[in-house]
Trainee: 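Pasting a structure here, questions to come.
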Amino acid sequence: MSLGSNLNTYVEADIDYASAKKVEATVNTATLLGFIQLERNGNKTLRSANRYKGLTKRQSQALYRAKENSGVDIILEPEFESEKHSWFFGAYRTSKTKVKGWGVNVKGIKEDKHQDCTPNR
């Protein structure tokens, strides 16, 4: 039996749209024989249950790099470009994953005025 672990919250944030900036990052990989990594990208990835669902490992790594390198809190509408190549009947493979988006910072969290989420007193 599995139990659902979804936590639904209602949060309204004050986002600084005026200082939004374009952010991007690239992750390159190269493997030999399918399991020998010739170019490493580390294990840091960005995952979120609500915002960034269904990303591949390379997309998560690119998103993490873009967020860390730019110093933003949220990347709005990330767009991914992927390119893969294979040589010698698949023995040597390379891939390039690039993410572009708008980075914004959160100035603060607003008071929750949503009636369904306020506790009964």
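Note that these values count all heavy atoms, side chains included, but never hydrogens, waters or copies made by symmetry.
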Trainee: Rounded to the nearest 0.5 Å, what separation is found between the NZ atom of Lys107 and the CD1 atom of Ile15?
Mentor: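 Nearest 0.5 Å value for the NZ-CD1 distance: 10.0 Å.
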Trainee: How long is the straight-line distance from CD of Gln61 back to CG of Asn28, given to the nearest 0.5 Å?
Mentor: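 Atom-to-atom, Asn28:CG and Gln61:CD are 11.0 Å apart.
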Trainee: Are Ile74 and Val106 packed together at the side-chain level, in the sense that at least one heavy-atom pair is separated by less than 4.5 angstrom?
Mentor: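 Sidechains of Val106 and Ile74: in contact.
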Trainee: Would Leu33 end up clustered with Phe89 when hydrophobic side chains under 4.5 Å apart are linked, directly or stepwise?
Mentor: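 No.
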Trainee: Show the numbers, then the answer: is there a side chain to side chain contact (heavy atoms under 4.5 Å, CB included) between Leu76 and Tyr17?
Mentor: CA-CA 11 Å; Leu76 301 175; Tyr17 291 109; 4.1 Å; yes
Trainee: Check Asp73 against Lys67 and note the closest heavy-atom contact, atom names and distance.
Mentor: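 Asp73 and Lys67 have their closest heavy atoms at O-CE, 3.2 Å.
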Trainee: Strictly by modelled atom types, are Arg58 and Ser95 linked by a side-chain donor-acceptor pair under 3.5 Å?
Mentor: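 Yes - a donor-acceptor pair under 3.5 Å links their side chains.
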Trainee: Please report the closest heavy-atom contact between Ser60 and Leu55, naming both atoms and the distance.
Mentor: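 Looking at all heavy atoms of both residues, the closest pair is OG-CB, 3.6 Å.
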Trainee: Could you report the tightest heavy-atom contact between Val99 and Ala66, atom names first, then the distance?
Mentor: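 So the two residues come closest at CG1-CB, 4.0 Å.
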Trainee: Is any side-chain heavy atom of Trp102 less than 4.5 Å from a side-chain heavy atom of Glu77?
Mentor: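 The answer is no, as the side chains (C-beta and beyond) never meet within the 4.5 Å cut-off.
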Trainee: Nearest 0.5 Å, what's the CZ-OG1 distance between Arg65 and Thr26?
Mentor: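 Rounded to the nearest 0.5 Å, the CZ-OG1 separation comes to 8.5 Å.
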Trainee: Looking at side-chain heavy atoms only, is the closest gap between Glu79 and Lys98 below 4.5 Å?
Mentor: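 SC-SC contact between Glu79 and Lys98 ruled out.
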Trainee: Just verifying a value: how many Å separate Gln59 CD and Ser82 OG, rounded to the nearest 0.5 Å?
Mentor: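 Answer for the CD-OG pair, Gln59 versus Ser82, is 5.5 Å.
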Trainee: Under the side chain to side chain contact (heavy atoms under 4.5 Å, CB included) rule, what do Trp87 and Thr94 come out as? Steps first, then yes or no, please.
Mentor: CA-CA 9 Å; Trp87 292 275; Thr94 62; 3.3 Å; yes
Trainee: Nearest 0.5 Å please: distance from the CG atom of Leu63 over to the CD1 atom of Ile75.
Mentor: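 Between Leu63 CG and Ile75 CD1, I get 4.5 Å after rounding to 0.5 Å.
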Trainee: Locate the shortest heavy-atom distance separating Tyr92 from Ala30; write the atom from each residue and the value.
Mentor: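 Tyr92 and Ala30 have their closest heavy atoms at OH-CB, 4.0 Å.
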Trainee: I need the Lys96 NZ to Lys84 NZ distance, nearest 0.5 Å.
Mentor: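 It is 15.0 Å, given to the nearest 0.5 Å.
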Trainee: Minimum heavy-atom separation for Val72 to Val104, with atom names?
Mentor: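 Heavy atoms only, the tightest pair is CB-O, 3.7 Å.
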